[in-house]
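So that the names make sense, note that chain A is the first sequence line, chain B the second, and so on, each numbered from 1.
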2 protein chains.
Amino acid sequence: MTNSRIRASEILTRAEEDYLKTILELEEEHESVTTSLLATHLRVKPASVTGMIQKLARSRPPCLHYESHRGVTLTPVGRQIALEVIRHHRLIEQYLAQALGYDWDKVDAEAEKLEHVISEELEDRIAAVLGDPIFDPHGDPIPSKDGSVTATSRLPLTAIQAGQVVRVTRVRDDDPELLRYLAGLGIRLQARLTIVERAPFEGPLTCQVGGAETEARICALGRGATDRIFVEFDEGTG
Amino acid sequence: MTNSRIRASEILTRAEEDYLKTILELEEEHESVTTSLLATHLRVKPASVTGMIQKLARSRPPCLHYESHRGVTLTPVGRQIALEVIRHHRLIEQYLAQALGYDWDKVDAEAEKLEHVISEELEDRIAAVLGDPIFDPHGDPIPSKDGSVTATSRLPLTAIQAGQVVRVTRVRDDDPELLRYLAGLGIRLQARLTIVERAPFEGPLTCQVGGAETEARICALGRGATDRIFVEFDEGTG
DNA sequence: ATACAATTTTAGGTATGACTAATTCTCGAA
DNA sequence: TTCGAGAATTAGTCATACCTAAAATTGTAT
Ligand SMILES: [Mn+2]
Ligand SMILES: [Mn+2]
Ligand SMILES: [Mn+2]
Ligand SMILES: [Mn+2]
């Protein structure tokens, strides 16, 4: 069985799907997707990455462009497959949170496995039950079936000045511990933050969580947190 | 990496889990679970079965007893793992049917993949949402967490005489086409059947579906159907 | 222009789990 | 009791996807 041909939405292995998904996610944040960058995010060794990207570049049609020592770029075919996997992942995360009461720190690990095994029918039913959601529990956009993706804030809390008022729109989902910690502080999607103070030299950022109406809490966040929280300037005091 | 030790509820591969599940299912219906029987049900070649059962017999503690040319028997450890996989499978089937509106002919294929990847937490949440169901959409019992299994009817429709009135309590889930066909006839779980006539020499069984109250339909079922439908004698005309 | 350090690729190996083909075993019939 | 058909096992391959160690490449610093 020589499995060297791939059509869009063909049967790929779990490993292949994870590579394509990760490449697309990294393309959005890095100008070049290198072997070592992929190895870090996929938790495998660089030699393994080289082997896999060579296979994906050899597939017909190719899922990605690859030149030795130059990093990789997804082809339209590879990008479409990656978007399908990401749609699965984020839809499942949202379903676990909405329909099954999962906390936002647990959904990623579960979705990581389920994303590879659900059928088109299950994908569609989940989307229907949720009313075709556009965002996952961390504020990441869920690609539509045709592959379009809503833009999200790239403004990290780290970049905000003292005195400004912002709303949380996205939180990196790669650190469950941080997510649980933030939930404990009341920092969730749509939470309003008023920046009280920014200590210099990468010192902590002090902010007030929630409006003055409710019991507002003050907390200090380090760089590890503020780099992973994305915000928009608050329009209209809801 | 020598992965030869297995504790109950340890990480097994998908293939290993499917073998153990299938062995338990076959033990219930056959006095001896042979290599070729397993090969047929797992859709692999006998040589592959020999290899896998030798590995499962060598695992520590062993998942099954195996003597060359003598078939296999699950050990308590193997049985417990098999029950966990079957619990996953049937809970998922029931969830797909109840919560997501799946038809009973589609749930098996989907559950076959999902059963291997859901976490203990997801299993528990699904069970909770469904109110700890005891049966799956085909009337098969869902093993409880402690491994107990409700007994089900082993009386096939084939064994029923003309004139008798029975209720459908279980239908084999291995043939989606048959399930869809039966659904079209109104033959589902708890449907009442009145046997009108039994043609001799394995001829068709004619029966009336549903009570006389509703629009009762007459249909003729061949052996392929009646062997796969299990019934109980109807108590009280509900 | 050269050399070195970091990155990347190649070479070679492991484990899983399937396959085919060849061989061996078992058990019933002669 | 022997024989042979069918069932099962062994032997040898292949594909996937990881790994380590060695070799090659790149770009930067001298
Ligand atoms: Mn994954
Ligand atoms: Mn997410
Ligand atoms: Mn399965
Ligand atoms: Mn079932």
Side-chain angles (χ1 to χ4, degrees), chain A residues 1-6 10-23 26 30-60 63-73 81 85 112-113 115-117, chain B residues 1-6 10-23 26 30-60 63-73 78 81 85 112-113 116-117:
Chain A
M1 210 198 310
T2 330
N3 173 29
S4 286
R5 66 245 92 105
I6 296 175
E10 187 89 0
I11 303 102
L12 300 188
T13 65
R14 182 185 165 144
E16 290 167 339
E17 289 187 349
D18 275 335
Y19 272 82
L20 294 175
K21 180 185 72 161
T22 304
I23 291 166
L26 292 175
H30 299 79
E31 60 215 55
S32 173
V33 178
T34 63
T35 299
S36 53
L37 187 62
L38 273 169
T40 304
H41 282 259
L42 290 161
R43 297 165 185 284
V44 297
K45 298 292 177 250
S48 306
V49 172
T50 300
M52 180 61 94
I53 63 185
Q54 286 175 345
K55 185 172 62 152
L56 291 169
R58 271 197 318 268
S59 71
R60 234 110 79 103
C63 291
L64 47 81
H65 296 303
Y66 164 66
E67 264 183 297
S68 222
H69 298 272
R70 285 289 129 80
V72 296
T73 319
I81 296 169
V85 179
E112 195 58 49
K113 300 171 296 178
E115 63 190 359
H116 309 290
V117 299
Chain B
M1 213 196 312
T2 330
N3 173 28
S4 285
R5 65 248 95 103
I6 297 176
E10 187 89 359
I11 303 102
L12 299 188
T13 65
R14 180 183 168 148
E16 289 168 338
E17 289 187 348
D18 275 335
Y19 273 82
L20 294 175
K21 180 186 71 162
T22 304
I23 292 166
L26 293 175
H30 298 80
E31 59 215 58
S32 174
V33 178
T34 63
T35 299
S36 53
L37 187 61
L38 273 170
T40 303
H41 282 260
L42 289 162
R43 299 167 186 283
V44 297
K45 298 291 177 253
S48 306
V49 173
T50 300
M52 181 60 94
I53 63 186
Q54 286 174 344
K55 185 172 63 155
L56 291 169
R58 272 198 317 268
S59 71
R60 230 113 78 113
C63 291
L64 46 81
H65 296 303
Y66 164 66
E67 264 183 296
S68 223
H69 298 272
R70 286 288 130 78
V72 297
T73 320
I81 296 169
V85 179
E112 194 58 50
K113 300 171 296 176
H116 309 291
V117 300

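Taken to the nearest 0.5 Å, the CD atom of E16(A) stands 13.5 Å off from the CD1 atom of I53(A). Here the OH atom belonging to Y19(A) is positioned 14.0 Å from the CG atom belonging to L12(A), to the nearest 0.5 angstrom. Once rounded to the nearest 0.5 Å, the distance linking CG of L20(A) with CD1 of I81(A) reads 6.0 Å. In this structure, L64(A) CG and R58(A) CZ are separated by 11.0 Å, a value rounded to the nearest 0.5 Å.
A47(B) meets the side-chain contact (heavy atoms from CB on, under 4.5 Å) test with no other residue; sequence neighbours excluded. Take K45(B) and apply the side-chain contact (heavy atoms from CB on, under 4.5 Å) test, not counting sequence neighbours, and it matches S48(B). Remark: H116(B) engages E17(B), D18(B) in a side chain to side chain donor-acceptor pair (under 3.5 Å) (not counting sequence neighbours). Residues satisfying the side-chain contact (heavy atoms from CB on, under 4.5 Å) criterion with H30(A), sequence neighbours excluded, are L26(A), L37(A). For A15(A), the side-chain contact (heavy atoms from CB on, under 4.5 Å) partners are T13(A), M52(A), not counting sequence neighbours.
For T34(B), the listed nucleotide lying nearest its side chain is dA8(D); candidates were dT16(C), dA8(D), dC18(D).
Using a 4.5 Å heavy-atom cutoff, the side chains of L56(A) and V72(A) are not in contact.
The side chain of S36(B) places no N or O atom within less than 4.0 Å of a non-bridging phosphate oxygen (OP1 or OP2) of dG6(D). Put simply, Y19(B) has no side-chain N or O that comes within less than 4.0 Å of OP1 or OP2 on dT16(C). At the phosphate of dA17(D), OP1 or OP2 sits under 4.0 Å from a side-chain N or O atom of T13(A).
The distance from atom OH of Y66(A) to atom P of dT25(D) is 12 Å, rounded to the nearest whole Å. Here dT9(C) presents its C1' atom at 15 Å from CG of L38(A), a figure rounded to the nearest Å. Rounded to whole Å, atom C1' of dT16(D) lies 13 Å from atom CG of L12(A). Straight-line distance from the CZ atom of R14(B) to the P atom of dA18(C): 10 Å, rounded to whole Å. For the pair D18(A) CG and dC18(D) C1', the computed distance is 14 Å after rounding to whole Å. Nucleotide dT9(C) holds its C1' atom 16 Å from the CG atom of L56(A), rounded to whole Å. To the nearest angstrom, P of dG17(C) lies 12 Å from CZ of R58(B). Between the CD atom of E16(B) and the C1' atom of dA18(C) there is a distance of 14 Å, rounded to whole Å.
A heavy-atom distance below 4.0 Å to DNA chain C is reached by these residues of residues 44-54 of chain A, ordered by number: P46(A), A47(A), T50(A), Q54(A).
Between the two ends of the helix from dA1(C)-dT30(D) to dA30(C)-dT1(D), each summarised by a five-pair axis, the helix axis turns through 30° (rounded to 10 degrees).
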Return the polar atom pairs (N/O with N/O) between nucleotides 22-27 of chain C and the protein under 3.5 Å, or none.
none

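Of the possible donor and acceptor atoms, none in the side chain of K21(A) sits under 3.5 Å from a partner among the backbone N and O of V85(A).
The shortest heavy-atom contact between V33(B) and I23(B) is CG2-O, 4.1 Å.
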